[in-house]
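Working notes, beginning with the structure itself.
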Amino acid sequence: MSQPVRVRFAPSPTGYLHVGGARTALFNWLFAKHTGGKFILRVEDTDKARNTAEALQVIYDGLRWLGLDWDEGPQVGGPHGPYCQSEREAVYQRYFDRLKDGNFLYDDGGAWRFRFAREVVEVDDLICGKVPFDFNNLEITPDMTIRRPDGSWIFHFVNVVDDIEMEITHVIRGEDHLSNTPKHLQLFRALGAEPPRYGHIPLILNKDGSKMSKRDQGASITSYIDGGYVPAAVRNYLCLLGWSPKDDREKLDLDEIVRLFEPSKINRKAAQFDIEKCNWLNWQYLVAMSLDEFTDAALPFIEKAGIPFGTRAALVPVLAMVKEKIKQLPETPGWLPYFFADEFVFEKDAEEKLRKPGALETLASLREGYASLAEWNAASLEAKLKELAKARGVKAGELVHPARAAVSGRTVGPSLYHMLEVLGRERVLARMDRAASMFAG
RNA sequence: GACCCUAUCGUCCAGCGGUUAGGACACCGCCCUUUCACGGCGGAUACACGGGUUCGAAUCCCGUUAGGGUCGCCA
């Protein structure tokens with residue numbers, strides 16, 4: 001194993017990138033980075049009917065979003081191209097002829113089948129260990145078709161040929177391929193090629209243990225992109241599904257993961273996918289962002305919601321207040337409307353706060369106190385409110401609640417004093433006046 | 001059905017012959033607090049079952065059960 005590591009991710013363009021596939025790609029990528037090897041992307045698009053350019057784009061977008069750049073493959077080229085199987089007809093024909101000349105193939109109604117050696121083949125797996133497969137029973141393991149009557153190629157054959165041609169040294173793939181591996185080993189031997197080392201990683205299941213399919217929550221990488229997840233967070237979460245640094249750390253820098261990653265340390269049991277924990281990690285990344293980074297990340301959602309924030313300079317101070325409340329980026333615009341529009345609907349709970357006996361009276365006294373405040377900032381606003389509360393012999397909350405309701409139409413929000421500071425005296429007093437007349441009588 | 005993989009809190013991850021079985025998410029209390037969050041403190045919950053091996057098993061072996069995978073002219 002002195003030769004440089006060459007690993008590959010070989011997806012079929014089906015129109016979406018499954019988290020399981022993404023994790024497979026990630027583990028391959030990590031292994032390449034860890035060993036200083038190469039990560040190759042190969043598109044297995046032999047099924048012409050199903051493959052479209054859009055479906056392929058989803059894979060490229062998903063991998064790039066996760067930061068999994070490929071050293072060789074479509075769009076970047078490389079010495080072993082082309083990297084789409086649909087363009088490698090001549091290569092397959094050459095290998096096919098070799099098998100045919102070696103008497104490994106026979107015609108079965110127009111399809112070509114590969115004749116298995118009838119013996120025990122042992123897979124020596126990086127993750128699962130040595131696993132023997134018995135080919136002696138023809139019923140259980142019938143010979144394998146490698147070419148259809150229409151001349152198109154079957155997965156097993158092109159997969160092996162390309163692994164040979166692309167000089168792949170390690171194949172890290174889903175456990176669903178474990179049973180295919182002895183068949184592939186037979187093909188390697190028939191072609192006189194040294195097989196790569198294999199490592200089969202367990203599948204990802206739903207939280208309840210059922211098989212994860214296309215429509216299940218969190219199954220598609222596109223859903224994370226659209227949902228405003230932090231790519232590094234999703235990547236981090238995926239790393240933790242079946243692998244760990246063997247201590248209790250969970251939020252890990254990519255460099256650290258690259259340094260520690262070992263395929264042999266991957267768990268052998270299937271992991272169940274927990275979107276809640278993924279969300280928590282994502283939030284950890286959100287918390288760690290600078291205000292500027294957070295603004296960049298949240299902006300698309302704010303714009304999409306049509307919040308008339310004006311300039312970035314006006315937006316940033318508001319986000320500074322609200323950032324700590326936000327667990328998911330798409331929630332962001334929900335915290336903003338009343339900062340940028342005087343017209344807003346009062347929530348039912350907020351109305352109740354203002355209808356409470358004495359609420360308008362305390363609000364009026366606060367309004368008066370604020371109207372004459374020398375300096376308009378969070379500290380002075382707080383001091384004034386507390387002074388008035390004390391004078392009236394009530395808890396601060398008695399003033400805070402109606403004030404918040406009057407100014408924002410809500411019962412929850414960021415720190416009241418900071419909110420009032422950002423809103424400015426003029427708007428605050430006007431909104432208090434408006435609430436006073438709205439809820440009078 | 002046959003073959004293969006797997007089995008620690010609800011979930012993820014530690015543990016690799018001797019631990020009060022640890023951490024995280026979620027959950028439940030309490031505290032903090034102007035709301036909601038955050039934070040702090042505390043709690044409940046796990047070695048699937050049955051046999052071995054051993055002075056001693058979550059850890060090793062064998063069964064059973066359960067889950068998953070594969071048995072295509074899909075990939």
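Below, each value reflects all heavy atoms present in this structure, side chains not excepted, and no hydrogens, waters or symmetry copies. Naming convention: chains lettered A, B, ... in sequence-line order (proteins, then strands); numbering from 1 in each chain.
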Footprint string (nucleotides 28-44 of chain B, 5' to 3'): B base within contact, S backbone only, - free, heavy atoms under 4.0 Å: ------BBBSS------
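Using C1' as the reference atom, C47(B) and U59(B) are 10 Å apart when rounded to the nearest Å. Between the C1' atoms of U11(B) and G67(B), the separation comes to 15 Å (whole Å). G15(B) and C60(B): their P atoms are spaced 12 Å apart (whole Å). For the P atoms, the distance linking C61(B) with U8(B) amounts to 16 Å, nearest Å. The separation of A75(B) from G18(B), taken at their P atoms, amounts to 50 Å, rounded to a whole angstrom. Between G40(B) and A24(B), the distance separating the two P atoms is 10 Å to the nearest Å. Separating the C1' atom of G39(B) from that of C16(B) is a span of 37 Å, rounded to the nearest Å. On the C1' atoms, C9(B) is 13 Å away from A14(B), given to the nearest whole Å.
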Stepwise salt bridge (Lys or Arg N to Asp or Glu O under 4.0 Å) check, Asp143(A) with Arg115(A): CA-CA 5 Å; Asp143(A) 290 334; Arg115(A) 191 179 294 119; 5.1 Å; no
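C74(B) atom P lies 14 Å from atom CG of Asn180(A), rounded to whole Å. Rounded to an integer number of Å, the gap from His18(A) NE2 to C74(B) P is 22 Å. The separation between Gln217(A) atom CD and U11(B) atom P is 17 Å, rounded to whole Å. One atom, NE2 of His177(A), and another, C1' of G68(B), lie 15 Å apart when rounded to the nearest Å. Between Asn159(A) atom CG and C74(B) atom C1' the separation is 13 Å, expressed in whole Å.
In the model, His80(A) has no side-chain atom that pairs as donor or acceptor with a side-chain atom of Glu165(A) under 3.5 Å. With hydrogens and angles left out, the side-chain atoms of Arg431(A) and Ser408(A) include no donor and acceptor closer than 3.5 Å. Between the side chains of Tyr417(A) and Asn377(A), no donor N or O sits under 3.5 Å from an acceptor N or O. A donor-acceptor contact under 3.5 angstrom links the side chains of Tyr285(A) and Asn236(A), judged on distance only. For Gln93(A) and Arg147(A), the side-chain atoms include at least one donor-acceptor pair closer than 3.5 Å. At a cut-off of 3.5 Å, with distance as the only test, a side-chain donor of Arg148(A) or Ser152(A) sits close to an acceptor on the other residue. Using a 3.5 Å distance cut-off with no hydrogens or angles, the side chains of Thr295(A) and Asp292(A) do not pair a donor with an acceptor.
Contact annotation for Ser179(A): base contact, defined as any heavy-atom pair under 4.0 Å involving a base atom. Counting non-hydrogen atoms under 4.0 angstrom, Lys395(A) reaches nothing in the nucleic acid. At the heavy-atom level, Arg410(A) lies nowhere under 4.0 Å from the strands shown. Across all strands shown, His200(A) has no heavy atoms under 4.0 Å from either base or sugar-phosphate atoms.
Among residues at least two apart or in separate chains, there is no ring pair (Phe, Tyr, Trp, His ring centres under 6.0 Å) pair with a member in residues 396-416 of chain A.
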Under 3.5 Å, N/O pairs linking protein and nucleotides 12-14 of chain B:
| unit_1 | atom_1 | unit_2 | atom_2 | d |
| --- | --- | --- | --- | --- |
| C12(B) | OP1 | Gln272(A) | N | 3.1 |
| C12(B) | O2' | Leu240(A) | O | 3.2 |
| C13(B) | OP1 | Gly242(A) | N | 2.9 |
| C13(B) | OP1 | Asn267(A) | OD1 | 3.3 |
| C13(B) | O3' | Ser244(A) | OG | 3.2 |
| C13(B) | O2' | Ser244(A) | OG | 3.1 |
| A14(B) | OP1 | Ser244(A) | OG | 3.4 |
| A14(B) | OP1 | Lys246(A) | NZ | 2.5 |
| A14(B) | OP2 | Asn267(A) | OD1 | 3.4 |
| A14(B) | O5' | Ser244(A) | OG | 3.2 |

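You'll find that the side chain of Glu276(A) is closest to C25(B), out of C25(B), G68(B), C5(B). Closest to the Ile140(A) side chain, of the nucleotides C74(B), A2(B), G72(B), is A2(B). Taking only side-chain atoms of Val131(A), from C-beta outward, the nucleotide of A75(B), C4(B), G68(B) with the closest atom is C4(B).
Ring centroids of Trp70(A) and Tyr60(A) are separated by less than 6.0 Å, placing the two rings close together.
Between Arg147(A) and C73(B) there is no side-chain N or O to OP1 or OP2 distance below 4.0 Å.
The pair Arg249(A)-Glu256(A) meets the salt-bridge criterion, with a side-chain N (NZ, NE, NH1 or NH2) lying under 4.0 Å from an Asp/Glu carboxylate O.
Anti is the classification of C30(B), since its glycosidic angle lies more than 90° from 0.
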